[in-house]
Amino acid sequence: MKKTIDNIELAGKRVLLRVDFNVPLKDGRITSDVRIRRVLPTLNRIIESGGIAVVMSHLGRPKGRVVEELRLDPVAERLSELLGRGVEKLGDCIGPDVKEALGRLGPGDVVLLENVRFHPQERKNDPGFARELAGLGDVFVNDAFGAAHRAHASTVGIAGHLPAVAGYLMAREMEVLGKLLERPEKPYVAVLGGAKVSDKIGLIRNLLPRVDSIIVGGAMAYTLLAAEGAPVGKSRVEEDKLDIARETGKHAAALGGQIFLPVDHIVAQAFEEGAEPVEAGSEIPENLMGMDIGEQTAARYGEIIGAAKTILWNGPMGVFEWDSFAAGTRAVARAIADSDAYSVCCGGDSAAAVEKFGLADGISHISTGGGASLEFLEGKELPGIAVLQDR
Ligand code: ADP
Ligand code: MG
């Protein structure tokens, strides 16, 4: 067990809080503030305890230089609205001006440092840069679960200089995802989809001994189907992963687990939003590609989901961003939301699908981690978690 902010003294302390405010932006406006909202309990705790919150985050991929569009000003504004108090946004995350500004703060104040990725040293986990960041605080709290799989200066290096603990969001992610690996109530079903089987092989391997069944959709289903010799037409198949896919099938069989693959599909002539959706059975004609699972598959998956006590969902069942190919993902999402099982959704696109369909309330936990949750569920120790103090 890792220490959390409940296990340290915060009063009068400068609390360097690393968060993941990597919010989606369109024309300089925040299109979803979920990532900001999820950190509010931690921030409120710091404020109420009389700590001084010095918040740091990354935003986008500025590649180590200042990118005007990736400044955190709109985030500070939104955070201020949500907290109901002023949030000063500083022009940088290190340097004399930052130090001076912090010197003016008192208990309960909140400041947001500028995008840490404006400095190339951040992603290199540069020791000097990490020391400078650490110099801004008395304690380090990491609530950036979404960045915990990266060994950067503001997530890992900094912890070498300060007492380092988890915020509430980080603690909850560790608890929820840890439960999926340690003591899931059975039947335990994993629903896997998304773009590439290569992204998810590690996950499948680690889940196989733990789950009762894995149901598969999305583009990754076509690589698994092709590995079995099924006709998949022009569907997206990772040719270099066919061997691994075959091995995985054997591994599953040996463990007595079951991997369910789609039995029908929605196919199209081209990977285009306007492409005409066509129903296909288990054999996809040569000139067509799989874009979504079919109705029969969705119904079958719905039954398996309905009987589960624990559900892990990662990866959409089809190209849900386009309405013609969203039905399979919507049906599966609804089945998960309607079930009484303990359900966890992870992955950026899957979380976006849940929001798009308005089903978030029916899911027990929507993880804020994309890559981080996948690596956690693969059984890897995340560097951003490893450096936090044990209880
Ligand atoms: P997550 O972010 O939830 O982990 P992924 O990033 O693995 O999910 O995959 C999401 C993407 O997979 C979506 O953009 C979706 O359009 C795409 N996808 C799903 N099914 C297919 C398919 N049959 N063909 C091509 N792309 C697909
Ligand atoms: Mg994704």
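Side chains included, hydrogens not; waters and symmetry mates left out as well; all remaining heavy atoms used. In this text, all values refer to a predicted model and were calculated from it rather than measured experimentally. Whatever order the structure lists them in is the order used to number ligands and atoms, beginning at 1. Heads up: numbering here begins at 1 and tracks the sequence.
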Exercise for review: Answer with yes or no whether the side chains of Glu185 and Thr310 bring together a donor and an acceptor at under 3.5 Å.
Suggested key: no
Point to revise | salt_bridge(Glu375, Arg150) N-O dist < 4.0 Å | key: no
Practice item. May I ask you to check whether His119 and Asp126 show a side-chain donor-acceptor distance below 3.5 Å? Key: no
Point to revise | Ring-face cation of Arg236 near Phe271 (centre distance under 6.0 Å, axis angle within 45°) | key: yes
**Study point:** Presence of salt bridge, Glu238 and Lys196, under 4.0 angstrom
**Key:** no
Study note, to complete from the structure: Report for the Mg ion (ligand 2), protein N, O or S closer than 2.8 Å, by chain and number, lists Asp349 OD2
Revision key, fill the gap. So side-chain hydrogen bond (donor to acceptor under 3.5 Å, both in side chains) across residues 327-337, not counting sequence neighbours, yields none
Check your understanding: Do any pairs count as a salt bridge (charged side-chain N to carboxylate O under 4.0 Å, His left out) and have a residue in residues 376-388, sequence neighbours left out, and if so which ones?
Key -> Glu378-Lys380
**Study point:** Lys200-Asn314 side chain donor-acceptor pair, cut-off 3.5 Å
**Key:** yes
Practice item. Could you tell me whether the side chains of His265 and Tyr222 share a donor-acceptor contact shorter than 3.5 Å? Key: yes
Present, as a list of atom pairs with distances to 0.1 Å, all nitrogen or oxygen contacts under 3.5 Å between ligand 1 and the protein.
| from | atom 1 | to | atom 2 | distance (Å) |
| --- | --- | --- | --- | --- |
| ligand 1 | 2 (O) | Gly348 | N | 3.3 |
| ligand 1 | 2 (O) | Asp349 | N | 2.9 |
| ligand 1 | 2 (O) | Asp349 | OD2 | 2.8 |
| ligand 1 | 3 (O) | Asp349 | N | 3.4 |
| ligand 1 | 3 (O) | Ser350 | N | 2.9 |
| ligand 1 | 3 (O) | Ser350 | OG | 2.5 |
| ligand 1 | 4 (O) | Lys200 | NZ | 3.4 |
| ligand 1 | 4 (O) | Asn314 | ND2 | 3.1 |
| ligand 1 | 6 (O) | Asp349 | OD2 | 3.0 |
| ligand 1 | 7 (O) | Ala195 | N | 3.3 |
| ligand 1 | 7 (O) | Lys200 | NZ | 2.8 |
| ligand 1 | 9 (O) | Ala195 | N | 3.0 |
| ligand 1 | 12 (O) | Ala195 | N | 3.2 |
| ligand 1 | 14 (O) | Glu321 | OE2 | 2.5 |
| ligand 1 | 16 (O) | Glu321 | OE1 | 2.7 |
| ligand 1 | 16 (O) | Glu321 | OE2 | 3.4 |
| ligand 1 | 20 (N) | Ala219 | N | 3.3 |
| ligand 1 | 23 (N) | Gly290 | O | 3.0 |

